[in-house]
Novice: 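Below are the structure tokens for one structure; questions will follow.
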Amino acid sequence: MGDKSDQNPIKAFHPAYTVTNIQNNIQILDGTKVSYSSWVRLFKLHAKGYKVLANIDGTNPPLKTDPTYEAWSEIDAIVLQWIYGTIYDDLLVRDIFLNNKESHAAALEHEFNNLTLRAMSSLKAYYQHLKYLASQLNDVDCPVNDNHLVLQLVRALPYEFDTVGAYLNQNLPPWDTACSMLST
């Protein structure tokens, strides 16, 4: 027969104990393919589904004298493992989330403002990378609205796109519309 902790109903039936590989559910935040904001949204959904949202949303933990503290502490350790298991090691070392927002924003703005279609492998890759950079800029409190995104899209097009580019520049349609107009 096991000890009393094996019989703890919180521990025995908590859904967090069923996760064996967090990376099956959440992509690794690597700073290139997965944006911080999309990682956070997915992580929060996962946390809610596995009933551990209180471990990441600022809810105070139980007091150490509370009988549920031990189980809460174990679940908290699992959640930390999920976080560390879904963040690329270089991002943990750089600590871009808290300490380097300004320098990260400056680097992203530079890349966003200097990206050209010629530097990308395809029109689709160009759209995706511009959109990704805009998302990353939003994550570091430098929001890029649809108009700015469309203007940047048009600004860096080669001369072959002058006619449609002029139309987009003048009318500033939504991002998806601008992309589909360039693709046709």
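It should be emphasised that the depicted structure is a prediction, and the values quoted were computed from it without experimental measurement.
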Novice: Looking only at atom types and distance, does a side-chain atom of Asn114 sit under 3.5 Å from a main-chain N or O of His110, one as donor and one as acceptor?
Specialist: yes
Novice: Measuring from Tyr69:OH to Glu74:CD, what's the distance to the nearest 0.5 Å?
Specialist: 11.0 Å
Novice: Answer whether the closest heavy-atom distance between the side chains of Trp72 and Asp76 falls below 4.5 Å.
Specialist: yes
Novice: Rounded to the nearest 0.5 Å, what separates atom CZ in Phe43 from atom OG in Ser38?
Specialist: 13.5 Å
Novice: In the structure I gave you, are the side-chain heavy atoms of Leu117 and Pro158 within less than 4.5 Å of one another anywhere?
Specialist: yes
Novice: Yes or no on side-chain contact (heavy atoms from CB on, under 4.5 Å) for Val52 and His14, after CA distance, side-chain angles and deciding distance?
Specialist: CA-CA 9 Å; Val52 295; His14 199 287; 3.5 Å; yes
Novice: Give the cluster check for Leu45 versus Tyr50: same hydrophobic cluster or not, with ILVMFWY residues linked at side-chain heavy-atom distances below 4.5 Å.
Specialist: no
Novice: Using atom types as modelled and distance alone, determine if a side-chain donor or acceptor of Asp66 lies under 3.5 Å from a backbone N or O of Pro62.
Specialist: no
Novice: Taking C-beta and beyond as the side chain, do Gln136 and Glu111 meet within less than 4.5 Å on heavy atoms?
Specialist: no
Novice: Taking all non-hydrogen atoms of both residues into account, name the closest pair between Thr59 and Ala54 and its distance.
Specialist: CB-O, 3.5 Å
Novice: I need the Trp175 CH2 to Leu149 CG distance, nearest 0.5 Å.
Specialist: 4.0 Å
Novice: Without swapping roles, check the side chain of Asn55 against the backbone of Ile75 for a donor-acceptor pair under 3.5 Å.
Specialist: no
Novice: So, do Val79 and Ile83 sit near enough that their side-chain heavy atoms are less than 4.5 Å apart?
Specialist: yes
Novice: Got a sec: does the CD of Glu160 have more than 12 other heavy atoms crowding it under 6.0 Å?
Specialist: yes
Novice: Could you walk me through whether Asp162 and Leu157 pass side-chain contact (heavy atoms from CB on, under 4.5 Å), step by step?
Specialist: CA-CA 8 Å; Asp162 280 354; Leu157 291 172; over 6 Å; no
Novice: Answer yes if the ring centres of His148 and Phe112 are under 6.0 angstrom apart, and no otherwise.
Specialist: yes
Novice: Grab the two heavy atoms, one from Leu168 and one from Pro173, that are nearest each other, plus how far apart they are.
Specialist: CD2-CG, 3.4 Å
Novice: Whether the side chain of Asp139 engages the backbone of Ser37 through a donor-acceptor N/O pair (distance < 3.5 Å, no angle test) should be reported.
Specialist: yes
Novice: Give a yes or no on whether the backbone of Trp82 and the side-chain of Thr86 come within a donor-acceptor separation of less than 3.5 Å.
Specialist: yes
Novice: Grab the two heavy atoms, one from Ala16 and one from Ile78, that are nearest each other, plus how far apart they are.
Specialist: O-CG2, 4.1 Å
Novice: Closest heavy-atom contact between Tyr127 and Ser183?
Specialist: OH-OG, 2.9 Å
Novice: Would you please name every residue forming a side chain to side chain donor-acceptor pair (under 3.5 Å) with Tyr126, sequence neighbours left out?
Specialist: none
Novice: Any side-chain heavy atom of Trp39 sitting closer than 4.5 Å to one from Lys44?
Specialist: no
Novice: How close do Gly85 and Ile28 get, counting heavy atoms only, and between which atoms?
Specialist: O-CG1, 4.1 Å
Novice: Which value, rounded to the nearest 0.5 Å, describes the distance between Gln128 atom CD and Ser121 atom OG?
Specialist: 9.0 Å
Novice: Taking the side chain as every heavy atom from C-beta outward, state whether Leu182 and Leu153 have any pair of such atoms under 4.5 Å apart.
Specialist: yes
Novice: If every non-hydrogen atom of Pro143 is compared with every non-hydrogen atom of Asn138, which pair is closest and at what distance?
Specialist: CA-OD1, 2.7 Å
Novice: Can you tell me if Ser135 uses its side chain to pair, donor with acceptor, with the backbone of Lys131 under 3.5 Å?
Specialist: no
Novice: What distance separates Asn113 CG from Leu108 CG, expressed to the nearest 0.5 Å?
Specialist: 10.5 Å
Novice: Let me see the working for Gln152 and Leu133 under side-chain contact (heavy atoms from CB on, under 4.5 Å), right down to the final yes or no.
Specialist: CA-CA 11 Å; Gln152 180 56 33; Leu133 290 171; over 6 Å; no
Novice: Counting distance only, does the side-chain N/O of Asn169 pair as donor-acceptor with the main-chain N or O of Gly165 below 3.5 Å?
Specialist: no
Novice: So how far is it from Ile56 CD1 to Lys48 NZ, rounded to the nearest 0.5 Å?
Specialist: 11.5 Å
Novice: May I have the step-by-step check of side-chain contact (heavy atoms from CB on, under 4.5 Å) for Ile22 and Gln81, ending in yes or no?
Specialist: CA-CA 9 Å; Ile22 192 69; Gln81 289 173 1; over 6 Å; no
